[in-house]
Every structure is written in C-alpha cells, then in structure tokens.
Amino acid sequence: MSALRPGDITDEMIQAMDAAKRQGLQKDLRALAANIRADAEGRYDSAEPGWRSGVEWTLLWIENTASQLTEGRPDAGAGGRGQGVSPE
C-alpha cells in the first residue's frame, strides 16, 4: 500500500469527511436529547418552577443545533456563533 501524498486528498474527500463528522455529531446530539427527555419524564410535576421550561429550552436548542449540522450552511455546526434558540 502506498502512502497518500498531499495532492491525493481531494476537496470532495475533505467535504465527505466533514459531512460524515456533522452527521455523527447530529446523531449524538439527538441521542442526548432523547436521553434528557426520557430522564425528565415524570419529573415535571414535582419540579421547581422554571425547571420544565429549562428542560424544554435545552431540548429545543439541541435539536436546532443538530438540524443545522446538515443544512450545509458555512456557519452551521458546533463551532458556529449566534445560532440556535435564544434564551431571552
């Protein structure tokens, strides 16, 4: 097997790798949201005021972030700024 040289890696290969990373992160974020949702079920009735809205905001933010990962926008992804749902 020969070693790869810098010119052997095409832009398409780099884009495919980035897409795979985004899809993997998207899957992980959605699994996290599902776990949070499952853990929160049944706790709303005894929770302090604001707890439920905090959980719902967090789930919405996670889903919004996960959705942006595959929209193909340059600012989408874990490192993007000013995205998602604002808590204000």
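Quick caveat, the model's predicted, so the values are computed rather than measured. All residue numbers refer to positions in the sequence shown, counting from 1.
- Atoms CD and CZ, on Gln26 and Arg22 in that order, are 9.5 Å from each other to the nearest 0.5 Å.
- Residues that satisfy the side-chain contact (heavy atoms from CB on, under 4.5 Å) test with Met13, not counting sequence neighbours, are Ile9, Thr10.
- Closest non-hydrogen pair, Ile62 versus Ala33, comes out as CG2-CB, 3.9 Å.
- Distance check, rounded to the nearest 0.5 Å: CG of Leu59 to CG of Leu32 gives 8.5 Å.
- Atom CD of Glu63 sits about 13.5 Å away from atom OG1 of Thr58, to the nearest 0.5 Å.
- Considering CG of Asp39 and CD1 of Ile36, their distance stands at 8.0 Å, rounded to 0.5 Å.
- Partners of Asp8 according to the side-chain contact (heavy atoms from CB on, under 4.5 Å) rule, which considers only residues two or more places apart in sequence or in another chain, are Leu4, Arg5.
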